[in-house]
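See below for the structure under consideration.
What you see is a predicted model; the values in this text were computed from it and never measured. Below, chain A is the first sequence line, B the second, and so on; all start at residue 1. Hydrogens, waters and symmetry mates are skipped; everything else that's a heavy atom, side chains included, is used.
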Protein chains: 2
Amino acid sequence: MSTSPETPYHHGDLRRALLEEALLILDRDGEAGLQLRDLARAVNVSPAAPYRHFDSRAALLEALAVTGFQRFTKAMEAVALESTGPGLRLAMGRAYVHFALEHPGLFRLMFSSQLRRDNRPGLRMAADAAFQTLRHVTGSDTRSERIAALAAWTQVHGLAVLLLDGQIAARAGEDSDALITAILDRL
Amino acid sequence: MSTSPETPYHHGDLRRALLEEALLILDRDGEAGLQLRDLARAVNVSPAAPYRHFDSRAALLEALAVTGFQRFTKAMEAVALESTGPGLRLAMGRAYVHFALEHPGLFRLMFSSQLRRDNRPGLRMAADAAFQTLRHVTGSDTRSERIAALAAWTQVHGLAVLLLDGQIAARAGEDSDALITAILDRL
DNA sequence: ACCTGAACACCGTTCAAGT
DNA sequence: ACCTGAACACCGTTCAAGT
């Protein structure tokens, strides 16, 4: 699948290749399954090669989480443009949940408290930008607006997480998207 | 802190000691920080000793998650006994969130999809028993009852997770428990 | 400038051997 | 019956050396 002819010998766009392959592994095997040596092997470089592009495994994970928040922001903004008025909040909730289901490993990584502990500024900024998009919709000036916004967020996020963990699932013959909509409609 | 006089030489209640120490490490360093060799060191046994009591690290994690669900069930049942009628749902929501905040590593482990993948029957049973306690309160006979129950669950769980991840926090001078109550009261 | 090869400390796990 | 000591394969990371 490489763009260069035959095998990409000694060089190439390794940084991008690493990130792309890492995203695949992340959503397939989860964060614990993403091993630097495996990743290097998958891209046909030596175990030490990734260190020319990332300081450490944690730095790689941060880069992944940042791109995750960027994609998430784009997805939310797209909904904000095509949907309007009353249906907007529900549409964004559904998009939020769908993003999580489509990128399970990435979504979990974005909210991983492990990453938050190292307190990397790039991640904080990407996350803030994403949440800013959400606040646009709900407003957060008065206290009651803020509480309502947080209540909506906890609902949507909880649904995403419980679906991801397999704790909530549609029953046999039940439409999974209809279930999501029904739950989000309760607030 | 051992109950036997001086150093507990060759034996003792190792299984219990491992579980107790593991719970401490889990809530302090998270799942990734719980290493078998560290754990053995902390309890003063050789790296191989834990394998007389647990088949693998995954088996140890499962045992921890099972005791987590048991404690969780007990906490929920205690609330169901002391609270009654209208305030019960809110009281259980608060207890749910407080449990998560008091046992962050354990709570995350209980809902870890990593563990769910190996599909260990003991864990499934402990989890089902816990959720059974919750259903008692909400009911889940009709479809609308089921949706309402799921909506409440997603709200409470989402709040717990976002607080745990530091994404939601009380502002300076704001009472954190009041914030929790205000959000849970919206549904 | 970017990558390889070999090495280091460390981890989960196994197994023969000790008490 | 329960634990130790030594070993194995593997991982993240470093560093001198190659192109």
Using a heavy-atom cut-off of under 4.0 Å over every strand shown, decide if Arg57(A) touches base, sugar-phosphate, or nothing.
sugar-phosphate

Give the nucleotide from the list dT4(C), dC15(C), dT13(C) with an atom nearest to the side chain of Val45(A).
dT4(C)

Closest of dC3(D), dC11(D), dT4(C) to the Arg41(A) side chain is dC11(D)

With both distances under 3.5 Å as the test, what is the Watson-Crick or G-U wobble partner of dA16(D)?
dT4(C)

Would you call Glu174(B)-Arg143(A) a salt bridge at under 4.0 Å N-O?
yes

For atom CG of Leu61(B) and atom P of dG12(C), their distance in whole Å
10 Å

Write down the distance between CD (Glu31(A)) and P (dG12(D)), rounded to a whole number of angstrom.
11 Å

Selection from dC3(C), dC11(C), dT13(D) that lies nearest to any side-chain heavy atom of Tyr51(A):
dT13(D)

Scanning all shown strands, the Watson-Crick or wobble mate of dA9(C) with both distances under 3.5 Å is none

Is the shortest side-chain N to carboxylate O distance from Glu21(B) to Arg41(B) below 4.0 Å?
no

Would you mind classifying the nucleic acid contact of Arg15(B) as base, sugar-phosphate or nothing, using non-hydrogen atoms under 4.0 angstrom?
nothing

Nearest to the Ala48(A) side chain among dT14(D), dC3(D), dT13(C), which nucleotide is it?
dT14(D)

In whole Å, what is the span from the CG atom of Leu14(A) to the P atom of dT4(C)?
8 Å

Rounded to whole Å, the CG-P distance (Leu18(B) to dC2(D)) equals 13 Å

Are OP1 or OP2 of dT14(C) and a side-chain N or O of Arg52(B) less than 4.0 angstrom apart?
no

Closest-nucleotide 5' rank along DNA chain C - winner of Ser56(B) and Ala49(A)
Ala49(A)

Please give, in whole Å, the distance from dC2(C) C1' to Asp13(A) CG?
13 Å

Any ion pair linking Asp128(A) and Arg135(A) (charged N to carboxylate O, less than 4.0 Å)?
no

Between C1' on dC11(D) and CG on Asp38(A), what's the gap in Å once rounded to a whole number?
10 Å

Expressed as a whole number of angstroms, how long is the span from Leu60(B):CG to dC11(C):C1'?
15 Å

For Asp165(A) and Arg108(A), run salt bridge (charged side-chain N to carboxylate O under 4.0 Å, His left out): C-alpha distance rounded to whole Å, both residues' side-chain angles, the deciding distance at 0.1 Å, then the answer.
CA-CA 10 Å; Asp165(A) 290 344; Arg108(A) 283 206 192 85; 3.2 Å; yes

Please state how far atom CZ in Arg37(A) lies from atom C1' in dC11(C), giving the value in whole angstrom units.
13 Å

Checking dT4(C), dC2(D), dG12(C) against the side chain of Leu36(B) (C-beta onward), the nearest is dG12(C)

In terms of side-chain heavy atoms of Gln35(B), which of dG12(C), dC2(C), dA7(C) is nearest?
dG12(C)

Could you report the tightest heavy-atom contact between Val161(B) and His157(A), atom names first, then the distance?
CG1-NE2, 3.9 Å

